[in-house]
Amino acid sequence: MSPRKTSVLAGTTAALLALTALPATAAPVASAYAITASGLTKIPRTPSVSGTGKESLTSVGLPTPGPALITAKALNAEVQPGQARSGVAGLALNLGLLPTTVALPGLSADAIEAECRDGKGSASITRLKAGGKALDLDQVPPNTTIPLAQLAELVVNKQTKNADGTLTVTAVSARLLGSAQTLDIASATCARSGATPEPPTKPAGDKPQPGGKAPKPTPVSAHLDVTG
């Protein structure tokens, strides 16, 4: 084999090796959870599912022991390809248990649900009450902020676009005592069906020159650790 052909073959082989070394990009994963809290009271995502599957809990009081800040008759989370949903039924929040001199209203709702389907989110809230007063939250636009009292507000139908292309919809996101206590109720994350991450950029490689001339080498910046 001539030196020219050997150089062209070497350049092509190097380009192929560079392509195979590129890491594969994982497709976005759908997920859902019914409730989570952080701050003075901490509650992990409960129940929480990711990828596919579903999980439910009934008649729960969170946290325990002692009087529960949060009680609910049912919590559920479910994920299928391209869609996710979660919900809380019979919710009651005893905000008076929080250590503050500011009076916070109790919250309750018959049902709170979030659904994400094909990259689009929606929220449903039935008979939400604050301090015994009913709140009309039918067809609430995304990211609607509702002040309840001093140091207490709700963001209803909260929708956030994530870096991986997915959308997260949280039916109710509560901020209490500034940021000392947060509470998210019914959250679902999904991507558009059939959506795939952008493919990694392919290196151009060293192209052979006309007439079979050996390609010009492409400089590559690199760092080598030296020992000894």
Side-chain angles (χ1 to χ4, degrees), residues 22-39 41-56 62 70 72 75-89 91 93 107 109 111-126 128 130 135-148 151-202:
L22 291 173
T25 304
V29 176
S31 61
Y33 62 88
I35 197 167
T36 187
S38 62
T41 296
K42 297 178 175 61
I43 301 172
R45 295 180 175 183
T46 307
S48 178
V49 292
S50 179
T52 58
K54 58 183 178 180
E55 184 177 346
S56 300
L62 303 170
I70 304 166
L75 307 175
N76 66 79
E78 181 178 353
V79 176
Q80 299 178 20
Q83 58 183 292
R85 59 184 177 182
S86 62
V88 179
L91 175 73
L93 304 182
L107 291 175
I112 298 178
E113 297 179 349
E115 182 174 10
C116 188
R117 183 187 296 267
D118 194 22
K120 297 181 179 180
S122 62
S124 174
I125 303 172
T126 304
L128 178 66
L135 300 178
D136 183 10
L137 298 177
D138 186 36
Q139 302 295 324
V140 175
N143 303 310
T144 298
T145 300
I146 301 174
L148 293 179
L151 301 179
E153 70 175 21
L154 303 180
V155 178
V156 180
N157 192 13
K158 181 180 179 181
Q159 297 194 16
T160 304
K161 292 184 178 180
N162 305 306
D164 62 357
T166 59
L167 174 75
T168 297
V169 52
T170 303
V172 176
S173 181
R175 297 295 178 265
L176 310 170
L177 310 179
S179 298
Q181 182 67 57
T182 64
L183 178 66
D184 290 337
I185 305 168
S187 183
T189 299
C190 74
R192 290 183 296 106
S193 60
T196 55
E198 294 184 2
T201 303
K202 297 180 180 179

Could you go through the side-chain contact (heavy atoms from CB on, under 4.5 Å) check for Val172 and Ile125 one step at a time? CA-CA 9 Å; Val172 176; Ile125 303 172; 3.6 Å; yes

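- Here the CD-OG distance, from Glu115 to Ser86, works out to 9.5 Å after rounding to the nearest 0.5 Å.
- Here the CG-OG1 distance, from Leu183 to Thr36, works out to 8.0 Å after rounding to the nearest 0.5 Å.
- Atom CD in Gln159 sits 5.0 Å away from atom CG in Leu167 (nearest 0.5 Å).
- Here the straight-line distance linking atom OG of Ser187 with atom CD1 of Ile35 works out to 11.5 Å at 0.5 Å rounding.
- Donor-acceptor pairing under 3.5 Å is recorded for the side chains of Thr168 and Thr189.
- In terms of heavy atoms, Leu176 sits closest to Ala152 at CD2-CB, 3.8 Å.
- The distance from atom SG of Cys190 to atom CD of Gln80, rounded to the nearest 0.5 Å, is 11.5 Å.
- Legend: salt bridge (charged side-chain N to carboxylate O under 4.0 Å, His left out) pairs involving residues 166-188, not counting sequence neighbours, sorted by first then second residue: Arg175-Asp184.
- Shown are Thr41, Leu91, Leu107, Ile185; of these, the side chain to side chain contact (heavy atoms under 4.5 Å, CB included) with Ile70 is made only by Leu91.
- When all heavy atoms are compared, the tightest approach of Leu75 to Ala34 is CB-CB, 3.8 Å.
- The side chain to side chain contact (heavy atoms under 4.5 Å, CB included) test with Glu78 is passed by exactly one of Glu55, Arg85, Gln83: Arg85.
- From Ser173, atom OG reaches atom CG of Asn157 across 11.5 Å, with rounding to the nearest 0.5 Å.
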Could you go step by step and tell me if Val79 and Val29 meet the side-chain contact (heavy atoms from CB on, under 4.5 Å) rule? CA-CA 10 Å; Val79 176; Val29 176; over 6 Å; no

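- Residues Leu154 and Thr145 have side chains not in contact (no heavy-atom distance under 4.5 Å, counting atoms from C-beta outward).
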Run the numbers on Leu128 and Thr126 for side-chain contact (heavy atoms from CB on, under 4.5 Å), then give the verdict. CA-CA 6 Å; Leu128 178 66; Thr126 304; over 6 Å; no

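- The main-chain N or O of Arg45 is never found under 3.5 Å from a side-chain atom of Ser48 such that the two would form a donor-acceptor pair.
- Judged by distance alone, with hydrogens and angles left aside, the side-chain atoms of Thr166 form no donor-acceptor pair with the main-chain N or O of Asp164 at under 3.5 Å.
- Residues Thr170 and Thr160 form no side-chain contact, since every pair of their non-hydrogen atoms from C-beta on lies 4.5 Å or further apart.
- Taking both residues in full, the closest heavy atoms of Ala77 and Ala32 are given as CB-O, 3.7 Å, listed atom of the first, atom of the second, then distance.
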